[in-house]
Amino acid sequence: MAQDESITGTENAKDIRIGVFVCECGTNIGGVVNCRAVADYAATLPNVVHSVVNKYTCSDAGQSEIKQAIKNHNLNRVLVASCTPKTHEPIFRACVEEGGLNPYLFEFVNIREHCSWIHMQDKDSATKKASELVRMGVSRARLLEPLQSNEVPVTNKALVIGAGVAGMQAALDIADMGYKVYLVEKNPSIGGKMAQLDKTFPTNDCSICILGPKMVEIARNKNIELMTYSEVEEVDGYVGNFKVKVKHKPRFIDTTTCTGCGLCVQKCPVEVPYFEFNEGIGTRKAIYVPFPQAVPLRAVVDKSVCIDCGACIKTCESHSINMEQKETFSDIEVGVIVVTTGYDIYDPEPKHDFGYGLCDNVVTGMELERLLNASGPTMGKLVRPSDAKPPKRIGFVQCVGSRDKNRNRYCSGFCCMYALKDAQLIREKYPDSEVYIMYMDIRSPFRNYEEFYDRARDMGIKFIRGKPGKVDEDKNGNVTVRIEDTLTSNLYNLELDLLVLSVGAVAGESSEHIRHLLKVSRAADGFMMEAHPKLKPVDTNLDGIFIGGVTQGPKDIPYSVSQGSACAARATRYLAQGKATTEGITVEVDDDVCVGCGICVPMCPFQALSLVDGKLNIIKALCKGCGTCATACPTGALQQNHFKNEQLLAQIRGAFTFEGE
Amino acid sequence: MAEKEWEPKIVAFCCNWCSYGGADTAGMGRFQQPSSLRIIRVMCSGRIDPMHVFNAFLEGADAVLVTGCHLGDCHYVNGNYKAEVRYQFLEEMVKQLGLEPERLQLNWISASEGEKFANFVRDVTAKIKELGPSPLKPEGVN
């Protein structure tokens, strides 16, 4: 390989001094890859002046060794061969910076995820590959150049998308820390799924009674600007400087004067046979108040069914109804975004799971929740849908839509507990009822959950381990479930009055829309993906954007609340510091080479490029460093820092050697 | 010692946000793969230059993989669409160079699709083992 005289313009090839640190990561790497051999091989590569093995390079001792080696060996490049840059690059960049080097003179080689963990049975190949990966890294490291990361000011306001319990907690915490919060909710009221529940496990306390005061707190908090019946339309910008467009759907009500008295609702002649808040059970009017504890407690008009009779307008004493209202938009600027958009309940209808949609008396857990709720369509009286008679024999089927390879593989986590709770509520209200829970495993971790399960057994709730094979409904509406108890191998034809499907959570459609807008990664289960499964559970790969609650995957109320608080704490770090650092990796143009053809200009999706007097102008603050424009440049004048052509080509070349070399 | 079976050398261009993460997830899930892959990380699949791909072939790659986020999921709005256009051009050039079309492959792999990433590497490696070394590979290089 011919070596250029001048390698980076300011340095000569012979001045490059690379230190290589091969990490064993305990046995994660060291148990497969012969790290000693890799380090010895690295020492033979051009410009490598120091090459060692560490037990854990990222540990305090390992980092000190790097800093010490920079001084002792006069290193001007550092290469660490260990795990993934996705988690550890910032750590090592900071380390070399402390050691006195520019952080971009650091090169990362992944020999754990991309080597030892995937070649566990072939140690020789793994060692050979690790050596080659290091060689590729060394080739690239020789050409690395120092870069400056940019500090940007942070707008000290936050946006929280979704006002379920997780979002409410996040908004309250950020607001209480003294920052302005915009809380956007697509529904007419905040509260989310928790507002629909009757009681909550494991204490059986009334859900809305503990949520309601929190909802009122949101409305009262001076730092929170609540935007209900609103949706995020566009998001632009970057950490510290997000520009967000919010659409406010017309409620056809002046929320500043409406008192939520409900007179208009009484006068409205239109009965809508589907009340979303009651899971479709019962009716609502074309003008309605979402539920008695709604925040804001204001009416909303469903224009799709309104017949414009004007009855509501005549009866409204505060003259709050305005049928001419149009949708409006707000442009807001925030420094951080918290996403708590929640989930959808698994819908068993399309595939008629366990007869749902075919049998009247097969309902979902959430429908049961509304039937048990004192402010639900039956005022808390449990009746079955077919004949409105109180059911005496009630069965629950667990894991509907969850833990099923043909539906969703994951466990939704909360269905066991809510079935235990609803079963107890039924036994308490109707002591002569028979309640069966058909399950695969009962999952009840966390404080007082297992005790709650014991209590259900003590109350005489019967548990059958198995999954129903067949569900039929006779003309009287009675449901027969055919099931094998896999503990006793007994087959039963269980006749029930009501069958409840304990449905789980699925990633929400509206969540998916927000995920696309923000470019947050999606995990295999469809929920949004966190930056690290253990150490960054509410961060995303995008600086300044956080996810909490069921947005990130199924979880119960306490866990969602914790995540809401976690999001607030993580997000507020930026607001408190008032500044954020953005990547130094941007594009740069060599004016002497650029011919001003302008091919690159439309390549940039962020409008960072423009032609001024036939010369390319780059707005650095807008450049996000993707490098797409650099690829389009026909002269090579436009280069992406840290991913320059010669850097990438050197890395590619490093993958190959002449045999015996 | 018995002669080890020939292992092809495959260069994969991975974007930082999706397919590189997919390779990480494959590692975290311990999805075992042949040791043929050499990953070049770029920030966006839109940075993958046809010139880089040709260079990989000329240096000795038996196959080159162009990977990125699923369409619509690009971290930089639409870099992967640009990668796709450039890939079409590359496909044509691979044909003209007389390479088997299987030696160049495009795949969209998200950061969570570890199993998909591993299967892709396994499938491509098996196919390339059938085809043998690339005719463009310089003699004596591996």
Side-chain angles (χ1 to χ4, degrees), chain A residues 83-87 108 110 112-122 124-126 128-129 132-133 136 140 515-516 519 521-525 529 533 541-542 583 585 603 605-606 624-632 640 642-643 645 648-649 651-661, chain B residues 4 7 9 11 16-18 20-21 23-52 55-56 59-61 69-70 72-79 82-83 86 110-115 118 121 137-138 140-142:
Chain A
C83 49
T84 171
K86 304 276 273 188
T87 56
F108 211 130
N110 186 339
R112 191 178 75 177
E113 280 83 349
H114 296 185
C115 190
S116 69
W117 277 354
I118 57 170
H119 312 306
M120 298 174 95
Q121 306 307 325
D122 191 353
D124 290 344
S125 297
K128 182 165 177 272
K129 177 172 168 181
E132 293 193 12
L133 292 174
M136 291 166 71
R140 182 176 138 85
R515 191 184 72 73
H516 266 284
K519 306 290 174 199
S521 299
R522 176 179 182 274
D525 54 16
M529 193 156 147
N541 277 329
L542 309 167
E583 266 294 353
I585 300 170
M603 286 291 141
F606 309 108
K624 294 194 178 178
C626 64
T628 305
C629 58
T631 306
Q640 182 190 12
H642 214 58
F643 293 92
N645 281 337
L648 292 172
L649 291 175
Q651 194 184 2
I652 295 167
R653 199 175 305 131
F656 306 95
T657 42
F658 279 106
E659 297 287 341
E661 194 181 331
Chain B
K4 259 199 142 177
E7 191 70 39
K9 205 162 264 184
V11 172
N16 182 58
W17 304 99
C18 294
Y20 191 90
D24 279 355
T25 308
M28 276 187 252
R30 311 295 195 277
F31 292 112
Q32 302 300 298
Q33 302 160 38
S35 60
S36 53
L37 202 70
R38 301 291 179 271
I39 290 178
I40 307 285
R41 177 167 73 122
V42 287
M43 294 311 283
C44 177
S45 56
R47 175 68 186 107
I48 303 169
D49 193 324
M51 189 251 296
H52 300 158
N55 260 277
E59 295 286 351
C69 305
H70 286 274
D73 268 358
C74 177
H75 182 67
Y76 304 101
V77 184
N78 52 17
K82 289 154 192 159
R86 290 169 188 149
S110 81
S112 64
E113 291 174 327
E115 200 168 358
V121 176
K137 201 195 242 322
V141 160
N142 201 19

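It should be emphasised that the depicted structure is a prediction, and the values quoted were computed from it without experimental measurement. To find a chain, count down the sequence lines: A is the first, B the second, and so on, and within it residues start at 1. Only this structure's heavy atoms are used, side chains among them; waters, hydrogens and symmetry mates stay out.
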Quiz prompt | Side-chain touch A:Asp122/B:Gln32, heavy atoms, less than 4.5 angstrom | solution = no
Quiz item: Between B:Pro138 and A:Phe656, is any pair of side-chain heavy atoms under 4.5 Å apart?
Solution: no
Practice problem: Please identify each residue that fulfils salt bridge (Lys or Arg N to Asp or Glu O under 4.0 Å) with B:Arg38, with sequence neighbours left out. | Solution: A:Glu132
Chain A contact via [X] - side chain, backbone, both or neither, heavy atoms under 4.5 Å:
X       : answer
B:Ala61 : both
B:Phe31 : backbone
B:Val77 : both
B:Cys69 : neither
B:Pro34 : backbone
B:Arg41 : both

Top contributor to chain B contacts, counting heavy-atom pairs under 4.5 Å, from [options]:
options                               : value
A:Gln121, A:Met603, A:Met136          : A:Met603
A:Ala126, A:Cys115, A:Gly627          : A:Gly627
A:Ile585, A:Asp525, A:Leu542          : A:Leu542
A:Glu113, A:Lys86, A:His516, A:His114 : A:His114
A:Ala630, A:Cys629, A:Pro605          : A:Pro605

Quiz prompt | Residue pair B:Asn55 / B:Asp49, side-chain donor-acceptor N/O under 3.5 Å | solution = no
Between [options], who has the most heavy-atom pairs with chain A when the cutoff is under 4.5 Å?
options                              : result
B:Ile39, B:Val121, B:Ile48, B:Asn78  : B:Ile39
B:Asn16, B:Thr25, B:Val11            : B:Asn16
B:Ser110, B:Ala118, B:Gly72, B:Gly29 : B:Gly72
B:His70, B:Met28, B:Lys9             : B:Lys9
B:Gly21, B:Cys74, B:Ser45, B:Gly114  : B:Cys74

Check each atom of [X] against the heavy atoms of chain B and say whether the ones under 4.5 Å are side chain, backbone, both or neither.
X        : result
A:Met529 : side chain
A:Arg140 : neither
A:Leu133 : side chain
A:Ser125 : both
A:Ala632 : both

Practice problem: Go through the steps to decide whether B:Asn142 and B:Lys137 satisfy the test side chain to side chain contact (heavy atoms under 4.5 Å, CB included), and finish with yes or no. | Solution: CA-CA 8 Å; B:Asn142 201 19; B:Lys137 201 195 242 322; 3.4 Å; yes
To the nearest 0.5 Å, what is the distance between [atom1] ([X]) and [atom2] ([Y])?
X        : Y        : atom1 : atom2 : value
B:Glu59  : A:Thr657 : CD    : OG1   : 11.0 Å
A:Asn645 : A:Thr631 : CG    : OG1   : 7.5 Å
B:Glu113 : A:Arg522 : CD    : CZ    : 8.0 Å
A:Cys83  : B:Asp24  : SG    : CG    : 9.0 Å
A:Ser116 : A:Lys129 : OG    : NZ    : 10.0 Å
A:Leu648 : B:His52  : CG    : NE2   : 5.0 Å

Quiz prompt | Smallest separation among heavy atoms of B:Cys44 and B:Tyr76, with atom names | solution = CB-CD1, 3.4 Å
Self-check item: Intermediate values then yes/no, side chain to side chain contact (heavy atoms under 4.5 Å, CB included), A:Lys519 and B:Trp17
Solution: CA-CA 10 Å; A:Lys519 306 290 174 199; B:Trp17 304 99; over 6 Å; no
